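Each remark here refers to the structure printed beneath this line.
For this chain, numbers begin at 1 and follow the sequence in order. Reckoned from all heavy atoms, side chains included, excluding hydrogens, waters and symmetry mates. All figures in this text were calculated on a predicted structure; none of them were measured in a lab.
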Amino acid sequence: MANLQERILRAAKLDPSIYEEVEADETAMGQATAVVVLSSVAAGIGTIPQGGVIGILIGTLAALLSWYVWAYLTYWIGTKLLPEATTEATAGQLLRTLGFASAPGLIRVIGILPGLAELVFLIAAVWMLIAMVIAVRQALDYTSSLRAVGVCAIGFVVQVAMLAMLFSLVGGPTPAR
């Protein structure tokens with residue numbers, strides 16, 4: 001098994017070969033899960049002034065659930081709706097590659113510094129989105145990055161719609177007063 005720290009750095013550097021590597025490495029699921037947890041804990045630490053310590057726990061659980069849902073949505077959209085002739089993937093491959101695509105989110109820990117949270121979170125979001133497109137392109141064996149962008153865009157719309165329905169049924173987060 002390859003070194004987790006090395007893989008995280010390669011994923012953060014947007015190295016397409018790391019996504020091919022973890023796609024093929026069936027033993028990398030634990031590492032992918034660790035990257036998602038570390039990234040969400042970094043976000044929780046970066047927002048401690050707003051969310052407190054409980055925010056770290058809730059954020060980590062939400063990140064794990066959304067990663068799982070996102071990977072399966074991406075798998076279905078990429079292999080059923082928008083496959084290329086060469087597309088061949090499993091849900092596990094998407095879980096592993098998309099888990100590593102959250103590596104740039106580790107910088108969100110810097111958000112704990114006064115006045116930096118919004119900027120750091122914006123940079124992390126864009127960086128993670130780019131990593132996600134690369135991960136999807138590699139995992140689904142696409143020749144086109146544009147198709148990977150399409151899969152991500154469709155998945156985003158579906159996930160937002162699912163969250164909106166969930167919040168309408170159980171009630172959404174209430175604003176602080």
Side-chain angles (χ1 to χ4, degrees), residues 1-43 59-108 120-166:
M1 185 185 300
N3 180 305
L4 178 60
Q5 183 179 355
E6 174 198 330
R7 281 182 163 177
I8 288 171
L9 289 171
R10 288 174 53 210
K13 290 179 181 179
L14 307 176
D15 176 0
S17 71
I18 187 60
Y19 298 104
E20 289 290 337
E21 183 180 309
V22 297
E23 174 192 9
D25 183 358
E26 293 181 5
T27 67
M29 189 64 75
Q31 287 186 345
T33 303
V35 175
V36 172
V37 169
L38 289 169
S39 181
S40 64
V41 168
T60 299
L61 294 174
L64 286 169
L65 178 63
S66 67
W67 165 53
Y68 190 80
V69 169
W70 180 254
Y72 277 90
L73 272 173
T74 305
Y75 167 74
W76 189 82
I77 293 164
T79 62
K80 308 297 183 215
L81 288 181
L82 296 175
E84 286 187 352
T86 58
T87 299
E88 186 179 318
T90 66
Q93 291 170 335
L94 271 296
L95 278 164
R96 292 189 299 273
T97 57
L98 291 172
F100 275 89
S102 65
L106 290 167
I107 68 164
R108 296 180 293 189
V120 168
F121 275 67
L122 175 63
I123 291 168
V126 171
W127 194 355
M128 289 169 64
L129 179 60
I130 294 167
M132 186 181 312
V133 169
I134 294 169
V136 167
R137 184 186 68 211
Q138 300 309 117
L140 295 174
D141 304 311
Y142 286 165
T143 56
S144 165
S145 292
L146 188 58
R147 188 175 298 257
V149 169
V151 168
C152 292
I154 292 167
F156 177 76
V157 169
V158 170
Q159 195 163 29
V160 167
M162 288 171 51
L163 284 172
M165 286 189 306
L166 177 65

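- Of the possible donor and acceptor atoms, one in the side chain of Trp127 sits under 3.5 Å from a partner among the backbone N and O of Ala12.
- The line from CZ of Arg137 to CE of Met132 is 14.0 Å long, rounded to the nearest 0.5 Å.
- For Gln159 (side chain) and Phe156 (main-chain N/O), no donor-acceptor pair under 3.5 Å exists by modelled atom type.
- Once rounded to the nearest 0.5 Å, the distance linking OG1 of Thr74 with CD1 of Ile154 reads 10.5 Å.
- Side-chain contact of Thr143 with Glu84: a donor-acceptor pair under 3.5 Å is present, judged by distance alone.
- With rounding to the nearest 0.5 Å, the separation of CD1 in Ile134 from OH in Tyr142 is 15.5 Å.
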For side chain to side chain contact (heavy atoms under 4.5 Å, CB included), just list the numbers for Val35 and Leu4, CA-CA rounded to whole Å, side-chain angles, deciding distance to a tenth of an Å, and then say yes or no.
CA-CA 9 Å; Val35 175; Leu4 178 60; 3.9 Å; yes
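- Put simply, the side chain of Glu23 reaches to within 4.5 Å of the side chain of Asp141, judged on heavy atoms.
- Legend: residues meeting salt bridge (charged side-chain N to carboxylate O under 4.0 Å, His left out) with Glu21, ordered by chain and number and at least two apart, are Arg7, Arg10.
- Residue Val133 comes nearest to Cys152 through the heavy atom pair CG2-SG, 4.1 Å, listed as atom of the first residue, atom of the second, then distance.
- Note that CD of Gln138 and OG of Ser145 are 8.0 Å apart. Values are rounded to the nearest 0.5 Å.
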Working for side chain to side chain contact (heavy atoms under 4.5 Å, CB included), residues Leu95 and Tyr75:
CA-CA 9 Å; Leu95 278 164; Tyr75 167 74; over 6 Å; no
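- Note: Ile8 CD1 to Ile18 CD1 = 9.5 Å, rounded to the nearest 0.5 Å.
- Using a 4.5 Å heavy-atom threshold, the side chains of Thr33 and Trp67 count as touching.
- Between Arg147 and Pro83, the shortest heavy-atom contact is NH1-O, 3.4 Å.
- In this structure, the side chain of Arg96 does not engage the main chain of Ala28 through any donor-acceptor pair within 3.5 Å.
- Residues Gly78 and Thr87 approach most closely at O-CG2, 3.8 Å, considering heavy atoms.
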I would like to know whether Trp76 and Val151 meet side chain to side chain contact (heavy atoms under 4.5 Å, CB included); could you show each step before the answer?
CA-CA 9 Å; Trp76 189 82; Val151 168; over 6 Å; no
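- Annotation: the span from Phe121 atom CZ to Ile107 atom CD1 amounts to 9.0 Å, rounded to 0.5 Å.
- Other residues, nucleotides and ligands place no more than 12 heavy atoms under 6.0 Å from the CG atom of Leu146.
- Taking the six-membered ring where the residue is Trp, Tyr72 and Tyr68 present tilted rings, their angle falling between 30° and 60°.
- Annotation: side chain to side chain donor-acceptor pair (under 3.5 Å) contacts of Ser102 (sequence neighbours excluded): none.
- The nearest pair of heavy atoms linking Asp15 to Ser17 is OD1-OG, 2.7 Å.
- The shortest non-hydrogen separation linking Met128 to Pro104 is CG-CB, 3.9 Å.
- In this structure, Gly105 and Ser39 approach most closely via the heavy-atom pair CA-OG, 3.3 Å.
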Worked check of side chain to side chain contact (heavy atoms under 4.5 Å, CB included) between Leu140 and Leu94:
CA-CA 8 Å; Leu140 295 174; Leu94 271 296; 3.8 Å; yes
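- Residues Gln31 and Phe100 meet the side-chain proximity criterion, which asks for heavy atoms closer than 4.5 Å.
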